[in-house]
Amino acid sequence: MSITNTPPDLLRGTVDLLVLRTLVNGPLHGYAIAQRLRVVSDDVLQVGESALYPSLQRLLLKRWAKAEWGTSENNRKARFYTITAAGRKYLAAERIEFERMLGAMARVMREA
Amino acid sequence: MELLRRIAAWWHARRNAADLQAELEAHRAHAQDELERAGHAALDAATESRRRMGNVLLAREDSRDVWMVRWADRLAQHARYGTRALVREPLYALTAILTLALGCATTITIFSIVDSELWRPLPYSEPDRLLAVYTRAPAPRTDVDGQSLAEFLDWREALPGLQSVAVAGDRRRRVMRLDHAESVSAAAVTSNYFSTLGRTAVAGRVFTPADAVGANTLVLTNRSWTRLFDRASSAIGRSVLVDDQPFVIVGVVADDDVLGPSPDVFLPIDERPSAVARSSASVFGSIGRLADGATAAEVQSQLEALLARRSAADEKWRQHSAWVEDLGAFYTRLDARALYFFLAASVFVLVLAATNTAGLVLSRTLRRAPEFSLRGALGGGGGAIAGQLLVEAALLVIPACALGVFVAMQAVAFTGQVAPEDFLQRGTRIAVDLRSVALAGVVALLAVAAMSFVPLRLARRAGRAAIGSGARAGETPAVGRARGALLTTQVALTVVLLAGAGVFLKSFAKMVDAPLGFNAEAAWSARISLSGDRYADASAQRAFAAAWTERARAIPGVETAAVATSSPLMSGWLAQASDPEAPAPAAGEPAAPLRTIYRAVGAGYFDAIGTPIVEGRALNETDVPGAPIAAVVNQEFARRMFPGESPVGRRIHLAPFRAPVAAEDVVIVGVALDIKEISVNEVAFSDVYTSFAQHPSGGIELIVRGHGDDDRMSAALRGAAGDIEPAIPVTSVTPLSRRVYNSLQGARFNLAIVGGFAVAALLIAAIGIYGAMAFAVTARRREFGVRLALGAAPRELVARSLRSAGRIGVAGGICGLAVVLAGAYWLGDALYLVPGQHSGMLYQTRTTDPAALSAAVVGVIALALLAGLLPALRSSRVDPTSALRSE
């Protein structure tokens with residue numbers, strides 16, 4: 001599953017959710033988020049920058065994350081994103097919803 | 001919250017964009033680092049990272065779109081582009097904006113006037129609960145009944161449907177003593193007058209029930225407070241003498257001419273039973289405020305019940321009818337035709353302006369047709385182009401509307417000052433309000449839509465053809481038809497407005513030349529109101545009149561002078577005349593008395609005013625108290641009362657109403673020429689004159705004929721009156737010629753408005769035709785070049801161009817003529833004087849006046865040719881080689 005261009009609404013929300021999840025363990029910059037998603041999903045999810053950066057902007061707009069300029073591990077300038085309290089709340093709520101949905105889909109695939 | 005953040009983001013757009021760019025670059029740099037770690041050479045890694053980044057621009061745009069409402073971004077973009085395009089063509093932008101602004105300004109001005117005169121509710125609290133309550137005499141008189149104060153006060157019990165009912169009683173000039181004597185017009189009102197209307201004081205207080213019990217209190221208006229007291233707050237509580245009686249000023253109310261011209265001061269009517277019984281005043285009509293839950297219909301039936309009770313007790317109330325109507329409707333019943341007519345004319349100007357601008361936009365859109373087609377061919381969405389045109393149209397319309405509103409505000413203020421009194425009943429409250437501005441907005445929206453989409457459709461088609469042939473877009477048949485239709489419409493509308501102006505001009509010229517029945521040159525009228533106890537009796541009035549006349553005759557330059565109770569163009573008392581010798585009418589049929597205007601005049605009056613006596617004698621020194629009461633009637637009276645006979649020597653019974661004279665029999669001694677009583681455009685009135693010595697009055701007008709300048713005459717006449725009675729000022733001294741001038745004010749105003757519209761129309765149409773012809777010539781430059789190269793004579797080309805301009809003129813002229821004739825048919829007699837129905841705007845001129853109509857048609861054809869001449873001449877000077885090379 002590779003998401004490179006403007007995804008449909010369902011996926012757009014999903015990307016936001018995934019990106020937000022990567023921030024739970026601490027601030028990350030854009031490139032690192034993309035790497036993390038790729039690594040954690042065993043190279044299944046390759047979120048390109050044209051989906052990633054709009055998603056990050058949406059998180060900023062909704063105040064689920066905030067951004068700060070800093071220096072990356074490569075000693076380069078990078079913009080680090082931190083999840084906010086509102087972001088965590090949203091993530092928790094959406095996670096339950098997401099799992100319910102996933103469970104439902106799995107049941108349908110299995111039994112229908 | 002989110003919306004606020006979006007707006008904030010828009011504010012910081014530049015910084016956000018920089019952040020995003022830096023961030024994407026950082027992303028790429030990290031990717032490059034990783035590629036280098038994986039063993040790529042630095043240069044390759046940079047290239048590869050860029051390649052892998054893919055469409056950075058798209059990513060950036062998508063990211064930005066998260067913050068932007070997309071259309072707002074587009075809008076700003078279109079607006080920037082459109083503004084730049086307009087600035088490059090300032091002449092086009094200016095012409096379009098000014099034309100539209102002119103149209104908007106006329107419509108908003110006239111709409112504001114009509115709105116405040118006719119449609120806006122009265123400016124009182126809960127105006128829908130205010131009623132005009134009155135009774136009328138039976139046909140054929142149908143006058144509003146006057147009734148005594150006692151009779152009126154009965155209404156308060158008899159009409160429980162009304163929470164309160166108030167009346168403004170007599171209105172007369174009185175003398176207010178400050179450090180000098182001031183003549184003020186004073187209205188007597190019931191103490192609940194202000195509270196019934198819901199008017200409050202701007203300083204001090206209005207009347208309360210306590211003022212109804214003989215309190216000598218007085219309320220000023222804002223105007224008189226300013227004029228007499230310079231708005232000093234010390235005026236409140238001050239005691240002044242009015243007709244030698246002390247009154248205390250208790251408050252000031254705002255100026256209000258809604259229910260007729262405002263008096264200078266209000267005095268309370270004494271409502272105590274003893275005073276009411278003594279009072280001889282009549283009151284006409286009243287103002288009622290509905291009680292909670294009551295309806296006008298209930299009040300109507302209560303008033304009918306009251307009338308039934310009255311007529312059972314008293315013969316004179318038999319067959320009188322009860323009237324209850326909305327107060328606003330009652331007071332706007334004056335002639336609204338003029339207003340509607342002007343409103344229609346102003347809409348014509350607006351349509352003309354919009355048509356013209358549409359033509360301009362069409363030309364410009366056509367010029368850009370190749371651009372649009374190219375954008376279309378390159379995949380630019382039709383929506384984007386339409387959006388662009390929409391925004392560009394809005395860029396013209398919005399400033400035009402703003403300018404229009406601004407100009408309208410000035411025009412409305414100006415109109416309030418110059419319009420004749422009888423034209424603008426509510427001159428003081430006309431304003432460009434939100435309703436007018438909303439109207440401008442709606443008009444603007446329509447104009448925007450029409451101006452962007454029609455040209456676009458045509459341009460698309462023309463553009464496709466242009467790209468196909470490699471030529472510039474120009475006159476395809478569809479474009480030609482559209483342009484022809486636009487120009488013909490403009491010319492037709494101009495014909496209509498020109499014809500209107502022509503008709504009004506002719507009517508005005510006739511009014512100026514109309515016979516007045518008196519000589520207005522070298523004559524003055526001085527007015528005085530003898531009020532107060534000292535002049536309550538007839539002999540004092542008679543003595544003052546005699547002394548003033550004598551002194552006036554002694555003024556150097558004065559040839560003759562005489563008093564009267566009123567004079568031409570100012571109407572007079574009203575009376576009913578009947579022939580006592582006429583056979584009694586059939587049983588049950590009331591005799592129809594003749595309604596006349598009635599005035600008492602001193603000896604020598606007819607010489608002074610310049611009205612010839614056509615039969616018998618004038619009133620003279622022999623008509624004094626004790627002698628039989630003599631009367632002079634006018635020709636109209638003689639025709640109506642004694643058709644085919646000489647009236648001289650006949651007796652008539654004269655029953656004045658609304659006049660301080662008793663009914664009696666008089667003998668006709670002479671016949672005078674008819675005079676204009678109210679305005680030039682009127683049906684002849686019946687007049688009766690009696691001798692001032694026999695029927696004196698405190699309201700005196702001195703007519704003086706002679707030579708001298710206005711200031712000297714005014715000073716001399718005021719001085720003469722002051723010598724006799726220093727305590728009472730002369731109200732006014734006016735040359736009679738000024739009175740004639742003022743009486744034409746309405747006609748002059750009508751002419752100015754219609755003429756203004758016509759001039760605007762001429763200007764707009766000329767611009768439209770010139771612009772269109774100029775464009776056509778430019779578009780056909782190549783064709784002209786070829787023709788010239790092939791040996792066509794330049795003269796032929798000019799003739800060709802002029803022919804097409806002439807065709808538009810003729811076609812528009814014919815269409816316009818048809819519209820005028822249809823309009824005239826539809827108007828019917830609305831603009832004419834119809835006795836008993838409505839007054840006239842036109843005097844002895846038909847709406848289909850052949851001279852005005854043909855002048856209008858010839859005028860627009862000439863205009864079309866003239867506007868087409870310049871571009872046509874240019875077409876003949878096309879240089880063939882350069883024309884051919886340039887394509």
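Worth knowing before you read on, the calculation uses all heavy atoms, side chains too, and leaves out hydrogens, waters and symmetry mates. Proteins come first, then strands; the chains are lettered A, B, ... in the order of their sequence lines, and each starts at number 1.
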Using a cut-off of under 4.5 Å on heavy-atom pairs, state which of A:Pro54, A:Ala78, A:Gly30 scores highest against chain B. A:Pro54
Would you find more than 12 non-hydrogen atoms of other residues, nucleotides or ligands less than 6.0 Å from B:Phe406 atom CZ? no
B:Glu34 with A:Arg38: basic N within carboxylate O range, under 4.0 Å: yes
CZ/A:Arg100: more than 12 non-hydrogen atoms of other groups inside 6.0 Å: no
Within 6.0 angstrom of A:Glu68 CD, more than 12 heavy atoms from elsewhere: no
Closest non-hydrogen atom pair, A:Tyr31 against B:Ala31: OH-CA, 3.3 Å
CA sep, side-chain torsions, deciding dist, call: A:Gln57, B:Leu20, side-chain contact (heavy atoms from CB on, under 4.5 Å): CA-CA 9 Å; A:Gln57 295 292 325; B:Leu20 200 57; 3.1 Å; yes
To the nearest 0.5 angstrom, please state how far the CG atom of A:Asn74 sits from the CZ atom of B:Arg37. 5.0 Å
Any chance you could measure A:Arg79, atom CZ, to B:Leu24, atom CG, to the nearest 0.5 Å? 10.5 Å
Indicate, with yes or no, if the rings of A:His29 and B:His30 have centres closer together than 6.0 Å. yes
Could you measure the distance from the CZ atom of A:Arg76 to the CZ atom of B:Arg28? Nearest 0.5 Å is fine. 7.5 Å
When you compare the side chain of B:His27 with that of A:Leu52, does any pair of heavy atoms fall below 4.5 Å? yes
